K.L.:
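Please find one structure pasted underneath; my questions will follow.
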Amino acid sequence: MHILITAGPTREPLDPVRFISNRSTGKMGFALAKVAAEAGHVVTLIAGPVTLETPARVRRIDVETAGQMLEAVQREMQACDVFISCAAVADWRPAVCSVTKLKKSEMPGVLQLVRNLDILETVRPLKGHRCFVGFAAETGNPEQEGMRKLRDKGLDWLVANDVTEPGAGFAVDTNRVILFSSDGREERLPLLPKVEVARRILACVQTSFTSAGMV
């Protein structure tokens, strides 16, 4: 299979110094790229600004903003069989980005934001035979929001987790997730290293392809 993966955060600049972002470090997406490449798949990894080394045999494309990530996904979509949208993409960006650093006296008291395009929703018309996997990093109730995203975005699999649980949030090497499938299956994984979580996700994707007679 040719697997396209997004990982890490995006940065939405206010000026050349400041930006809006989130706590994602890209570890889950990079773990997915690593195990997929080790399994012999062709892997393209679109990474936001992170400090992680590229896994062996993985083609990496670096981006910064949500708009750049969307453009890269659209460009690479035609060649892929599986799209795993693991990146924590900023939902909003500043309405205006200054080309020079804003001085304290120039900073607005209220920051105006505009909504970024949702990557999964935007590329949904391109899905065709492809397997789409999404992520839902939530606080308190990952099941409800995970099921909503699975349905509303037309996904084959949705990986949900509660980032407030110890060992399951950002910047750690472990995760505890729930896997939801479009055919009603649900699997709750215990706290595991992210590499092992990645192997379980990849196995689900492989099973979907086998069941569909595509491998």
Side-chain angles (χ1 to χ4, degrees), residues 4-30 32-33 45-52 61-77 83-98 102 107-127 130 132-165 168-172 175 177-180 182 194 201:
L4 176 63
I5 302 169
T6 62
T10 64
R11 290 178 179 174
E12 311 302 325
L14 177 61
D15 63 20
V17 177
R18 306 174 182 88
F19 56 82
I20 297 172
S21 191
N22 57 65
R23 296 181 182 275
S24 174
T25 60
K27 288 188 173 185
M28 190 68 248
F30 274 64
L32 282 159
L45 175 64
I46 301 173
V50 298
T51 58
L52 301 174
I61 300 169
D62 288 307
V63 299
E64 181 175 351
T65 67
Q68 292 168 355
M69 184 169 283
L70 172 58
E71 288 177 2
V73 169
Q74 291 173 317
R75 188 171 62 247
E76 300 295 325
M77 181 62 65
F83 174 41
I84 303 179
S85 182
C86 188
V89 183
D91 296 317
W92 300 85
R93 69 181 186 275
V96 177
C97 176
S98 174
L102 293 169
M107 288 289 289
V110 177
L111 184 60
Q112 290 188 329
L113 302 175
V114 293
R115 186 182 291 275
N116 284 322
L117 291 174
D118 184 286
I119 291 178
L120 276 170
E121 290 180 357
T122 303
V123 301
R124 184 175 180 177
L126 306 177
K127 184 177 186 299
R130 297 174 181 87
F132 273 23
V133 182
F135 278 71
E138 302 299 331
T139 55
N141 186 13
E143 295 92 340
Q144 182 176 351
E145 184 64 9
M147 290 296 292
R148 183 196 67 78
K149 287 185 177 181
L150 177 74
R151 179 185 64 251
D152 291 354
K153 298 187 178 185
L155 304 175
D156 298 283
W157 289 92
L158 189 288
V159 184
N161 69 326
D162 182 347
V163 297
T164 64
E165 290 190 10
F170 299 116
V172 293
N175 210 347
V177 306
I178 309 170
L179 306 177
F180 298 102
S182 58
K194 284 182 175 174
I201 295 169

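The structure presented is a predicted model; accordingly, all values stated were derived computationally and were not measured.
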K.L.:
Rounded to the nearest 0.5 Å, what's the gap from CZ on Phe180 to CG on Leu155? Could you check?
P.N.:
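Between atom CZ of Phe180 and atom CG of Leu155 there are 12.5 Å.
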K.L.:
Any donor-acceptor pair under 3.5 Å linking the side chain of Arg18 with the backbone of Leu102?
P.N.:
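Checking the backbone N and O of Leu102 against the side chain of Arg18, a donor-acceptor pair under 3.5 Å is found.
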K.L.:
Side chains of Val123 and Gln74, heavy atoms from C-beta outward: is any pair under 4.5 Å?
P.N.:
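Heavy-atom side-chain distance check passes, below 4.5 Å.
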K.L.:
Among Glu138, Glu143, Glu145, which residue meets the side-chain contact (heavy atoms from CB on, under 4.5 Å) test with Asn141?
P.N.:
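Option passing the side-chain contact (heavy atoms from CB on, under 4.5 Å) with Asn141: Glu143.
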K.L.:
Checking the side chain of Thr65 only, and the main-chain atoms of Arg11 only, is there a donor and an acceptor separated by less than 3.5 Å?
P.N.:
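Between the backbone of Arg11 and the side chain of Thr65 there is no qualifying donor-acceptor contact (under 3.5 Å).
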K.L.:
How far apart are the closest heavy atoms of Ile119 and Ala66, and which atoms are they?
P.N.:
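Closest approach of Ile119 to Ala66: CD1-O, 4.4 Å.
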K.L.:
Side chains of Leu4 and Ile46, heavy atoms from C-beta outward: is any pair under 4.5 Å?
P.N.:
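Yes; the side chains approach each other to less than 4.5 Å.
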K.L.:
Any idea which heavy atoms bring Gly169 and Lys194 closest together, and the distance?
P.N.:
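Taking Gly169 first and Lys194 second, the nearest heavy atoms are O-NZ, 3.6 Å.
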K.L.:
Is Gln144 atom CD crowded by more than 12 heavy atoms from other residues, nucleotides or ligands, each under 6.0 Å away?
P.N.:
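Count not over threshold, so no.
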K.L.:
Rounded to the nearest 0.5 Å, what separates atom CG in Leu45 from atom CD1 in Ile84?
P.N.:
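The distance works out to 10.5 Å.
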K.L.:
Which heavy atom of Ser21 sits nearest to which heavy atom of Thr10, and what is that distance?
P.N.:
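So the two residues come closest at OG-O, 2.9 Å.
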K.L.:
Grab the two heavy atoms, one from Asp162 and one from Thr139, that are nearest each other, plus how far apart they are.
P.N.:
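It is OD1-CA, 3.5 Å.
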K.L.:
Is it true that, when you exclude Arg23 itself, more than 12 heavy atoms of the residues, nucleotides or ligands shown sit nearer than 6.0 Å to its CZ?
P.N.:
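Open.
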